[in-house]
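Have a look at the structure below, then the notes.
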Amino acid sequence: MKPSQFNIVLEDKNELVLFNSIIGIDSLCRVSQEKAYDVRAILNGDFDRNKELTQILIREGYLIEDQCDERKRRELIYSRVTSGNMLELIILSTERCNFRCKYCYEDYSRGAMSAEIQRAIIKYVRKNIHNYSGLRVSWFGGEPLLSMDVITYLSENFINICKKAKRKYIAGITTNGYLLTEEVFRRLLSYHVIEYQITIDGVREIHDSKRPLINGYGTFDVITSNLSNIKNNVLSGTFGVVIRCNVTEDACDGMDDFINYFKKLIGDDQRFSFFLRPVGNWGGNVRMEEMGRKQIEADQIKLVYSNFLKTNSDFKISIHESFFRVGGCMCYAGNKNSFVIDSSGGIRKCTCGLDNDNYRIGFLQENGIMEIDEEKYASWVGNTVRFSRKCDPCKFSPLCFGMCCPRNNQIELKDESSIKCPSEKDYILDTLKFIEGMKDVKYI
């Protein structure tokens with residue numbers, strides 16, 4: 001036997017936190033203080049120290065057979081993760097928005113998608129759906145619900161095409177939630193939109209200061225009223241709503257009030273979950289200046305997590321867990337079958353830098369053919385970073401394969417020293433403890 005090269009052993013208050021990245025989140029466990037010394041010795045090669053513990057570590061995947069080549073196993077996982085047979089389209093129904101969020105990177109220069117582009121997308125899907133097991137659409141913007149007519153027209157056609165082709169169709173949407181009334185929500189459900197991400201950045205005063213309407217008015221009350229109506233009146237269990245909180249210093253300090261508010265609003269409804277992220281500078285340079293000193297550093301994420309945990313809520317944090325599944329930290333932009341179609345018919349791989357023509361890899365033609373610059377396309381999906389001196393030996397590599405951000409790690413990469421790692425790796429103990437705090441974790 002030998003220790004897995006993907007064992008991650010962390011110390012926390014005289015106990016050990018064990019995680020194996022090639023197995024994923026199911027490997028997460030703790031070792032009590034009494035057994036910690038023996039387990040560490042076994043994982044360093046002293047297999048006879050405690051045979052009972054050795055057998056447990058074999059069963060949990062921390063010890064493997066000598067002849068096992070884990071790098072080959074990792075490559076097999078990579079090929080499976082990146083060769084999914086679903087066609088994935090991120091469609092910007094409009095690039096206009098009714099909000100002016102302080103940290104937003106978009107410039108709102110383009111409006112709603114034209115009828116000509118919509119028809120071209122339908123032709124593209126009809127011509128290509130037989131090459132895939134199904135179609136997954138993510139509605140994006142701007143604020144996509146400003147162009148509900150575009151979503152309606154395309155959705156009805158996608159459903160019809162997939163039904164005739166006997167292919168699966170599912171959809172999701174990233175929306176600010178302001179226009180997501182119960183009526184609109186029910187319509188979206190009828191269009192197979194089952195995944196929702198809505199950003200609420202703290203209690204009313206904090207949220208409204210960061211995510212106002214164009215006219216400067218607050219948005220918190222309307223969004224939370226919409227969520228309350230959906231929670232109370234829509235009985236379907238087929239959908240999931242992720243409430244994303246882009247945390248600033250004041251929101252972190254006010255986490256108690258934020259969570260207590262949502263305890264009353266959604267209770268223990270398992271259709272709703274939370275996703276916490278520090279506010280980042282995503283390109284909205286002028287508006288970011290207005291954020292002032294409220295922006296927190298990435299290494300303060302542990303404060304965000306701890307402030308969330310101390311509220312003793314039972315809210316789901318499914319996205320945080322998903323990052324610790326194999327390939328879970330990879331960006332969609334690195335997948336071969338994933339394309340962003342902007343409102344003018346431009347084909348991209350990433351939803352950031354929408355005003356940067358260098359990130360566009362082609363155009364959708366009127367006849368439904370994607371005219372792709374193969375060299376640009378290859379620069380997004382041709383992942384050589386995973387073989388770099390930084391990534392190849394990395395214990396975290398089966399989760400990200402160096403692809404947490406292809407824009408940084410492939411398109412803009414200058415040298416290996418600038419390869420970006422996921423924050424889940426940089427702050428792995430804090431993040432695993434956060435997951436631990438929200439679910440039962442086994443002890444060895």
Side-chain angles (χ1 to χ4, degrees), residues 1-81 302 305 317-330 386-404 421-444:
M1 303 300 295
K2 64 180 180 180
S4 168
Q5 73 179 78
F6 300 114
N7 290 341
I8 297 175
V9 182
L10 305 163
E11 291 188 11
D12 182 47
K13 298 178 181 178
N14 298 318
E15 294 187 336
L16 298 181
V17 176
L18 301 186
F19 177 74
N20 183 283
S21 63
I22 207 164
I23 298 173
I25 191 64
D26 292 337
S27 71
L28 179 61
C29 60
R30 268 194 176 261
V31 180
S32 65
Q33 181 178 352
E34 294 75 22
K35 297 177 180 177
Y37 186 83
D38 283 351
V39 166
R40 190 179 284 281
I42 294 167
L43 292 177
N44 284 328
D46 187 0
F47 304 142
D48 293 327
R49 185 174 190 86
N50 185 318
K51 292 187 176 180
E52 180 182 355
L53 284 178
T54 297
Q55 289 302 312
I56 292 173
L57 293 170
I58 291 172
R59 185 187 69 212
E60 298 295 332
Y62 291 98
L63 297 177
I64 59 176
E65 294 182 355
D66 279 329
Q67 65 269 29
C68 180
D69 188 331
E70 289 189 290
R71 276 185 167 81
K72 288 183 179 177
R73 183 181 171 195
R74 181 180 60 188
E75 280 302 294
L76 178 61
I77 291 171
Y78 176 76
S79 66
R80 287 173 177 168
V81 170
K302 60 185 176 184
Y305 293 156
I317 53 168
S318 306
I319 289 187
H320 291 279
E321 291 184 39
S322 72
F323 290 138
F324 287 88
R325 302 191 186 282
V326 290
C329 287
M330 291 180 64
R386 71 186 192 277
F387 300 122
S388 66
R389 287 172 295 178
K390 181 175 182 179
C391 296
D392 186 47
C394 179
K395 294 178 181 294
F396 198 86
S397 57
L399 303 185
C400 71
F401 297 98
M403 292 280 276
C404 71
C421 295
S423 62
E424 283 71 28
K425 176 195 171 186
D426 293 336
Y427 311 107
I428 185 169
L429 179 59
D430 298 317
T431 312
L432 289 177
K433 286 172 65 177
F434 179 49
I435 293 171
E436 269 192 303
M438 302 298 289
K439 65 180 291 185
D440 293 329
V441 174
K442 58 195 169 192
Y443 261 85
I444 288 181

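Side chains are part of it too, since the values below use all heavy atoms of this structure and drop only hydrogens, waters and symmetry mates.
For S21, there are no side-chain hydrogen bond (donor to acceptor under 3.5 Å, both in side chains) partners two or more places apart in sequence or in a different chain. Qualifying salt bridge (charged side-chain N to carboxylate O under 4.0 Å, His left out) partners for R59, counting only residues two or more places apart in sequence or in other chains: none. Applying the side-chain hydrogen bond (donor to acceptor under 3.5 Å, both in side chains) rule to E424 yields the partners R277; only residues at least two apart in sequence or on another chain are considered. For Q67, the side-chain hydrogen bond (donor to acceptor under 3.5 Å, both in side chains) partners are E65, not counting sequence neighbours. For R40, the salt bridge (charged side-chain N to carboxylate O under 4.0 Å, His left out) criterion is met by E11, not counting sequence neighbours. Considering only residues two or more places apart in sequence or on other chains, S388 meets the side chain to side chain contact (heavy atoms under 4.5 Å, CB included) condition with V385, K390, C391, E416, I419. Qualifying side-chain hydrogen bond (donor to acceptor under 3.5 Å, both in side chains) partners for N7, counting only residues two or more places apart in sequence or in other chains: N20. Taking the ring-ring contact (aromatic ring centres under 6.0 Å, His included) definition, one finds that Y78 meets it with F401, sequence neighbours left out.
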Under 3.5 Å, sequence neighbours excluded: what are the donor-acceptor pairs made by side chains of residues 46-53?
| unit_1 | atom_1 | unit_2 | atom_2 | d |
| --- | --- | --- | --- | --- |
| R49 | NE | D38 | OD1 | 2.6 |
| N50 | OD1 | E52 | N | 3.2 |
| N50 | OD1 | L53 | N | 3.0 |

Pairs of donor and acceptor atoms involving the side chains of residues 433-444, under 3.5 Å and at least two apart or interchain, shall be tabulated with distances.
| unit_1 | atom_1 | unit_2 | atom_2 | d |
| --- | --- | --- | --- | --- |
| K433 | NZ | D12 | OD1 | 3.1 |
| E436 | OE1 | R30 | NE | 3.1 |
| E436 | OE1 | R30 | NH2 | 3.1 |
| E436 | OE2 | R30 | NE | 2.6 |
| K442 | NZ | D26 | O | 3.2 |
| K442 | NZ | E60 | OE1 | 2.8 |
| Y443 | OH | E15 | OE1 | 2.9 |
| Y443 | OH | E15 | OE2 | 3.3 |

Kindly determine whether K425 and C404 satisfy side chain to side chain contact (heavy atoms under 4.5 Å, CB included), including the steps that lead there. CA-CA 11 Å; K425 176 195 171 186; C404 71; over 6 Å; no

Output, in order, the C-alpha distance, side-chain angles, deciding distance and verdict of side chain to side chain contact (heavy atoms under 4.5 Å, CB included) for V39 and L18. CA-CA 10 Å; V39 166; L18 301 186; 4.2 Å; yes

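Evaluation of the ring pair (Phe, Tyr, Trp, His ring centres under 6.0 Å) test over residues 18-46, restricted to residues two or more places apart or in two chains, returns F19-F324. Sorted by first then second residue, the salt bridge (Lys or Arg N to Asp or Glu O under 4.0 Å) pairs that include residues 391-400, not counting sequence neighbours, are R71-D392, R74-D392.
Between atom CD1 of residue I22 and atom OG of residue S397 there is a gap of 7.5 Å, rounded to the nearest 0.5 Å. For the atom pair CD1 (I42) and CD (Q55), the distance works out to 10.0 Å, reported to the nearest 0.5 Å. How far CG of D66 is from CG of D69: 12.5 Å, rounded to the nearest 0.5 Å. Once rounded to the nearest 0.5 Å, the distance linking SG of C394 with CD of Q5 reads 10.5 Å. Here L57 contributes atom CG and I64 contributes atom CD1; the two are 12.5 Å apart, rounded to the nearest 0.5 Å. Atom CZ in R325 sits 11.0 Å away from atom CG in L399 (nearest 0.5 Å).
Across L63 and P3, no two heavy atoms sit closer than the pair CD2-CA, 3.8 Å.
Using a 4.5 Å cut-off on side-chain heavy atoms (C-beta onward), M1 and Y62 make no contact. When side chains are defined from C-beta on, S4 counts as touching E70, because their heavy atoms get closer than 4.5 Å. Proximity of C400 to F323: side-chain heavy atoms (C-beta onward) are nowhere separated by under 4.5 Å.
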